[in-house]
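Below you'll find the structure, written out as C-alpha cells, and then a few comments.
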Amino acid sequence: MRRSVLFLEAGEGEPIQVLVERRGAGCRVAQRDRRDDVDAVRLPDGRYSLILEDGRQITGRALETSGGVRVIRRGESSPVAISRGRPASRPLAGAGAEGGVEEVRALMHGRIVEVRVGAGDRVEQGALLLVLEAMKMQNEIRASRAGIVERAQAQAGQTVEGGAFLLSIRSENI
Amino acid sequence: MRRSVLFLEAGEGEPIQVLVERRGAGCRVAQRDRRDDVDAVRLPDGRYSLILEDGRQITGRALETSGGVRVIRRGESSPVAISRGRPASRPLAGAGAEGGVEEVRALMHGRIVEVRVGAGDRVEQGALLLVLEAMKMQNEIRASRAGIVERAQAQAGQTVEGGAFLLSIRSENI
Amino acid sequence: MRLLVANRGEIALRIFRACRDMGIETVAVFSDADRKAPHVAMADYAVRLGPPPARESYLNVPAILEAARKTKASLIHPGYGFLAENAGFARACAAAELTFVGPSPDAIEAMGSKTGSRRMMEAAGVPVVPGTTKPAADASELKAFARKAGYPILLKAAAGGGGKGMRRVDSEGDLDAAFARASSEAKAFFNDGAVYAEKLVEGPRHIEVQVVADSRGRRIAVGERECSLQRRHQKVVEECPSPVVDEDLRERLCSAAVAAAAAVDYVSCGTVEFLLAPDGSFYFLEMNTRLQVEHPVTEEVYGVDLAAEMIAIALGEPLSWSEGDLRRLGHAIECRIYAEDPRRDFAPSPGTITSLRLPAGPGVRHDIGVEQGSTVPIDYDPMLGKLVVWGPDRSWAIRRLARVLSEYEIAGVETALPLFRRLCRDADFLSGKFDVQWLERRLAAGLLDGSEASPEDVLLAAAALSDEKAPAAAASSSAPASLWRASGRRESLRGGPR
Amino acid sequence: MRLLVANRGEIALRIFRACRDMGIETVAVFSDADRKAPHVAMADYAVRLGPPPARESYLNVPAILEAARKTKASLIHPGYGFLAENAGFARACAAAELTFVGPSPDAIEAMGSKTGSRRMMEAAGVPVVPGTTKPAADASELKAFARKAGYPILLKAAAGGGGKGMRRVDSEGDLDAAFARASSEAKAFFNDGAVYAEKLVEGPRHIEVQVVADSRGRRIAVGERECSLQRRHQKVVEECPSPVVDEDLRERLCSAAVAAAAAVDYVSCGTVEFLLAPDGSFYFLEMNTRLQVEHPVTEEVYGVDLAAEMIAIALGEPLSWSEGDLRRLGHAIECRIYAEDPRRDFAPSPGTITSLRLPAGPGVRHDIGVEQGSTVPIDYDPMLGKLVVWGPDRSWAIRRLARVLSEYEIAGVETALPLFRRLCRDADFLSGKFDVQWLERRLAAGLLDGSEASPEDVLLAAAALSDEKAPAAAASSSAPASLWRASGRRESLRGGPR
C-alpha cells in the first residue's frame, strides 16, 4: 500500500500535512480533520476523474507549478498551494505585506522600452518604474509601495523572459 | 544530407523506389519520372504540412500500417502502399484473383457464434462459412469463391482478435 | 433537483447539457467499460452499475434504481435504446417514486407492441401498411401471410425499433432461417423474441414527424424529418425539412402524427414514423416513444430545445411555445458517425481513437460521445456521435457539409465519414431524389470506390516516413492497406442486420 | 477562383471556411512565427511573407502582392487589423488587378480619417460627439479644446480603430505625457502618429449596426450589436440583439447607419458604431470599413453568412436577401478569448497551449485560430478566438453560456474565461444594466476575486500528485500559484492601452 505525504499551505503558519494512501484504483486522502476515500482515474487527456463515497464526481486537470498545483475545473482555474515537498519559503507577497524587500519581476516575455529609476532612488507608491513591451502593448510597471530602489538590473532595449528579475524596492521603516 | 529509400507498391510488378533527401526543414522526393521539392513540417498534433514549389499546401496525417501508410487528408482516408522496406509478398487478394488459396480472417475482434463448414467441405461462392458476433451484431461470413475448405481452426464460442486466421479455401482448377 | 441518465455516450451528454442549461444537477451511471467515458466526467454524480455487458449494467434496473436512491436523484431519463421504450422500467421508476422523463408506461406499451399499435392506428384512422396483426408463433404463419401479401416481406421484432432485429425476406426458401435469426436477435436486444411480418412497400421514403405534448393536453407537431437515407434499416443521414414535403403534405403528415399521439394520450416528446409512397400516400410505421437520435436537425431549424422541453414536460410545465410561435429557418443535415468500416461492408471497427479533430466555424454542431484517446467498447452500439450542419438553405447546407467533412478527422477506428463526403457530390442526393433503398443501391454500385492514393498522398507518406525526428507513428488499428484493394476480401464479409 | 487572405488566426480560418462553402480555393500567407499555424494547414496554397514582425510579414504589401501573383489568386481579403482599412493597400491591389474584398479606397480613406469622417457625418445629418475637427499638431491645441469642452477627454489615433492608441485624459497635467504616448503608439500601430481629441460622453453604451451594401446600390442594415462590455476601449463581450434597443430605436439606428454608409457610397460589409447616451440619444462614433470581429452574433441571430456575402459582393453579385427576408431568431453572445491574465490586470500571456478542450452540443460556435500544441507568438494581437453561444432568448443564451464555459478548458496560457463565468452570475449583466465603463468598475470592485481552492480542488491535486503512473505533469506556463494571492504583486502591473 503506497503512501505519499504532501504539504498544503494554508496561508499562515506551518504547512498542513496531507496523507494520500493509494488503494487500488482509488486512494484515501487525509487532511486536517477530514478523510476522503475516492475512486480516482486518469482520463485519456490527462485530466483526473474522482468519485467520492457519496457519488459526487469531480473532473479536472492538475498542473504542477513551482508554488504548488493549478487545478483547472469547470472553467475555473484555481491555485492550490500543495506540493510534494515542504515549501521552501513564504510567498514574496507575504514579505511585501510585512515590509522588507519586494522584488519586481517581468510577468511575461517582452522587451524593456524604458527604465525610469536607478539604484538608490526613492519611489512613492504608484511611481512609474519601467515600461515593458509585449504583444505590441506597452505595460507601465509601477511601484506597489514606497521605498528605496536597491538592485536595478533592467536596461532599456533589453529582452527579458517571464519571471526575470528587474529590480527590488526596500520599504522604509515607518 | 540524410537520404532515405522507400518502396512504393504500384499494384503490379516490382515496387518502385522512392528517394527522399532531407534538406533542412524540407525534403526532395523522387519517384518514377517526377521530383518534388517540398517544405515539410510536423504540426503539433502529428499531422504534416507540405508546401510545394508552386505554393500548393497539403496537410494530412500518415499512419503506418503493415501494408504501408494510411494517409488521412481532407476527410478522406487513402491507403498508400509505401514502406520503409521492400514489401514481403503480394497482397492476398492478388492470390484470390489468380486462383489458389484464400485465407479468411476475422476483420474485427469478436466471438464466433457458429461454424457451418469443416475441412474438406466443398463450398459454392456465397456459401455461409461462419457467423461472427461483434458489437451485438451477427456477421455472416460467406465464401467469396467456390472451393474446398482446407484448414478450419475457428470454433463456435471462441473469441478471436481482428485479423485472426479462421479458415482457408482452395479454389478448384477449372 | 437532480436527474439521472440511464444511458451512455452522446445522448447522455446531450441530456446533461440540457440539465445544465436548466440548472438541474446531473447523475451518470456507468459500466466497468465506461469508467473513463466522457459522460461520467461531465456529471455531478456518477455511480457504477456493473460489468460491461448491457444486461449487467445499462439494462440492470435494480442497480439503476439504487444509483438514483444513493444520489437522491428525483428524475430518470432513459435516453434512446437500452431501457427507453420499456414500460416495465417506466413502471419501476414510478414505483420508486422517481419521475420518468418520457411518456406514460401505458403509452409506451401501446406503441411498443408493433401489432397492437397497428390495430390502434387503424382504429384512429391513421393509414397503416398491410401486415400480420399479431406476433407469429412460427414461420408457417408468416408463410401464410406472405403467400397472401406476396414477397418481399419484412420481419420485425414486435418489441423492436431502430431497425434492430429486422429482416427482409424475398422468397419462402429463406423464411425459416430468417425467422430463426430475427427471433433470436429480438430476444438478444429486447429480451422478447416475438416477431411479426409486414408487406414491403417498394420505393418509399421514410418521413417522420416530431411530436411534443404536455400534461395540460396540448399536442404540437414540430415539422417533419427526412430519414430515407438508410442502410439495413438503419438511418445514416437525416434532414429537416424534407426536400419533397410541401406545406400541404406537411400539414397532413402533422395532423396524422398528432392523431396518432392523441390515440395513446401521449405526453412528452415522441416521433411518429411514416412510409411515404411514390404516389404521395403515406402509412404509419411506428411511434418512437422517446427522444429520437436525429432530434437535433429539428432543433437547429426551429430554434427549439427538445431535450430541455422533454424534461420541462416531465416536471409538469406547459409547452414553452405554441404552434404559432414555431418558425422554420434554413436547413439542417445530420450524419450519424458509427465506428464501422464502410469499405468492409460496414463491419464494426472497435478500438482506440488515436486522433479526433472536430471542425469548427459557422453552422456546425457536434453531439459526440467520445474524445481523442477514448476506447470504443465492443459491448455497445457502435455510434460515436452525430455531426449536424445548418445552412440558410439545403444546397448551402450540403456545400457546408462538404467543407465541414474536409476538416473532420477520426483516426484509430474506421467511420462512414468517406461515405458522407461522396454523398455531397452525388447528383441524386443534391436533387433530393432518393428512397429508403437508394443508399444501398448506390453502395452496391460502388459509391465508395476509387479512393486510390494521389501523388500528394505519396508525398505526404514519404515526408512522414523519412522524418527521423518524429515519434514512432501510431499503427492504425485497421488491417493492412493492401487489403483495401482486395475486392475478393471485401466480398467475404457480410454485415449482420442492424 | 482563388482568394488570398492577408491575415492570420481565427479570421483567416473564418474567411477560408466561407470560401470553401462557396467553392473558392484559398491562399494563406504566413510569417516565420506561423509556419505551423492552423490557417496555413487549412489553405490550398500557402506562401511565406517574412520574419515574425508584422511590418516584415502581414504588413509587407509587396510580399503579399507577390504571393497573390505566384499563386494566381484573383481576390484578396484583408480580414481585420493589419492591412484592413488601409486605402493604400486597397489601391495597390487594384493596381495589381486583384479584387480587394472590401469597400473602395475612397470609402476607406473617408472613414479612416476620424476627423474627416466626423465632418462628413455632420454634413449627412448623422449626430456626432463634440471634438477637435482635425489632428492636433501638439498637446497645446488639445488643451485649448479640453478647456472648452471640459475634462475628461479622449485621445484617439486618427488612423486608428479597435481602441488601439486611445487614451482617456482626466486633467491638463496628464495631457503632455498622454499625447506623447498615444502619438507614438499610433505611429507604431498605424504608421501614422496623427492624434485628435473628443469630449468623453459619460455613461454611454456602445451600440453598432451591421451594414451590407452591394454594387447595385442596395444598402441594408442587419440589426444592431451590443458592445458595451469593454476594458480599456477593447470589446470583451458582444451580443445581438441589444437588451435595450426596441423596434423604434432599432429603426432609427439602422437608418442613421445606412445614411452614414450612403454618404461614402459604401459597397461591402461594414459597421457603423454609435454611442448611445442614457437619455436615448446616440452619436456616430466611427465606421469600421471591414468585417467586424463580432460579426458572428449577427450571423447566428439572422441566419445569414456575412463573410460569404462580403465575397459575393466583391464579385459583383447582388445581395442574396432583402430587408424583408431578414428574420431575427433568438439571442447570441460572443466572448473574445485573449491570451491574457485577467488576474494580473490582463497582462499578455504568450506561451504554448498545452491543453484545449472546446465545448460541444447545441447552441455553441467556435471561431478560434489555435489548437492544442499551438504556440501563441508575442508578435501579434493576443486574441486566440471567439466563443459564440446562441439561445432561444437572452436569459437562455446566458444560462447556456455558463454551461458552455464550464466545459471550456485552455491550459498553458491564461485567458479571460474566468471573467465570463463570473459575468454569467452578475445581476447587472443578467438584467442588461451596463454602460461602457461598467466592466472596468466591476473589475475594480473585485469581480475576479475569490477563486480560492475548494476541498475538491485539494483532493484533485492530491490524487494527481500521488499518481506515480502519470507522466511528469506539464508545468504550467504561469508564475507560481502563491503569487496569485499577492495583491501587492497584482497591483504592480498596469496593462498598457488597448
Side-chain angles (χ1 to χ4, degrees), chain B residues 2 4 6 8-9 18 20 22 27 29 31 34 36 38 40 42 45-46 48 50 58 60-82 84 91-93 96-97 102 104 107-110 134-145 162-163, chain C residues 181 185 188-189 341 344 347-350 355 357 378-382 405-409 411 417-418 421 451-470 473-476 478-489 491-498:
Chain B
R2 283 158 300 123
S4 15
L6 303 172
L8 176 60
E9 236 187 292
V18 179
V20 186
R22 281 265 148 199
C27 53
V29 182
Q31 51 171 307
R34 94 181 251 173
D36 300 274
V38 300
R42 187 166 189 280
D45 73 342
Y48 283 84
L50 272 54
I58 302 163
R61 187 181 304 280
L63 296 169
E64 234 175 317
T65 66
S66 53
V69 169
R70 275 278 291 298
V71 171
I72 302 177
R73 182 165 77 86
R74 288 280 178 93
E76 287 288 348
S77 170
S78 317
V80 180
I82 190 172
R84 297 175 195 272
L92 273 170
E102 172 179 11
V104 176
L107 286 172
M108 78 224 86
H109 174 84
M135 282 174 159
K136 296 250 166 285
M137 274 184 36
Q138 300 197 350
N139 302 285
E140 303 176 355
I141 299 185
R142 295 178 178 277
S144 65
R145 49 164 34 174
Chain C
R181 183 150 295 127
E185 279 173 6
F189 289 126
D341 187 346
R344 292 211 198 101
S349 177
S355 161
R357 295 180 53 85
I378 149 175
D379 310 274
Y380 316 112
D381 181 276
L405 288 167
S406 74
E407 297 180 36
Y408 210 129
E409 178 187 311
L417 287 175
R421 293 264 297 164
S451 79
E452 280 317 306
S454 65
E456 287 74 18
D457 293 329
V458 174
L459 283 180
L460 228 149
L465 284 178
S466 63
D467 179 6
E468 291 87 355
K469 291 191 302 303
S476 127
S478 73
S482 56
L483 274 184
W484 282 44
R485 293 202 254 84
S487 58
R489 163 63 92 252
E491 281 310 303
S492 77
L493 186 87
R494 287 257 170 286
R498 308 298 308 279

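We name chains A, B, ... by the order of the sequence lines, and we start the count at 1 in each one.
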Can you name the residues that form a ring-ring contact (aromatic ring centres under 6.0 Å, His included) with B:Tyr48, not counting sequence neighbours? none
For B:Gln31 and C:Pro455, work out which heavy atoms get closest and say how close. NE2-O, 4.4 Å
As an exercise, state the distance from CD of C:Glu456 to CD1 of B:Ile58, rounded to the nearest 0.5 Å. 4.5 Å
Rounded distance (nearest 0.5 Å) linking atom CG of C:Leu405 with atom CD of B:Glu76: 9.5 Å
If the condition is salt bridge (charged side-chain N to carboxylate O under 4.0 Å, His left out), which residues does B:Asp36 pass it with, not counting sequence neighbours? B:Arg34
Kindly indicate whether the side chain of C:Leu460, heavy atoms from C-beta on, has any atom under 4.5 Å from the side chain of B:Arg61. no
Which bit of B:Ile82 comes within less than 4.5 Å of chain C, counting heavy atoms only: side chain, backbone, both or neither? both
Do B:Arg70 side-chain atoms and C:Ala411 backbone N/O form a donor-acceptor pair below 3.5 Å? no
If you round to the nearest 0.5 Å, how far is CD1 of B:Ile72 from CZ of C:Arg357? 11.5 Å
Locate the shortest heavy-atom distance separating C:Ala463 from B:Arg22; write the atom from each residue and the value. O-NH2, 2.8 Å
Residues C:Ala462 and B:Leu6: closest non-hydrogen pair is CA-CD1, 3.7 Å
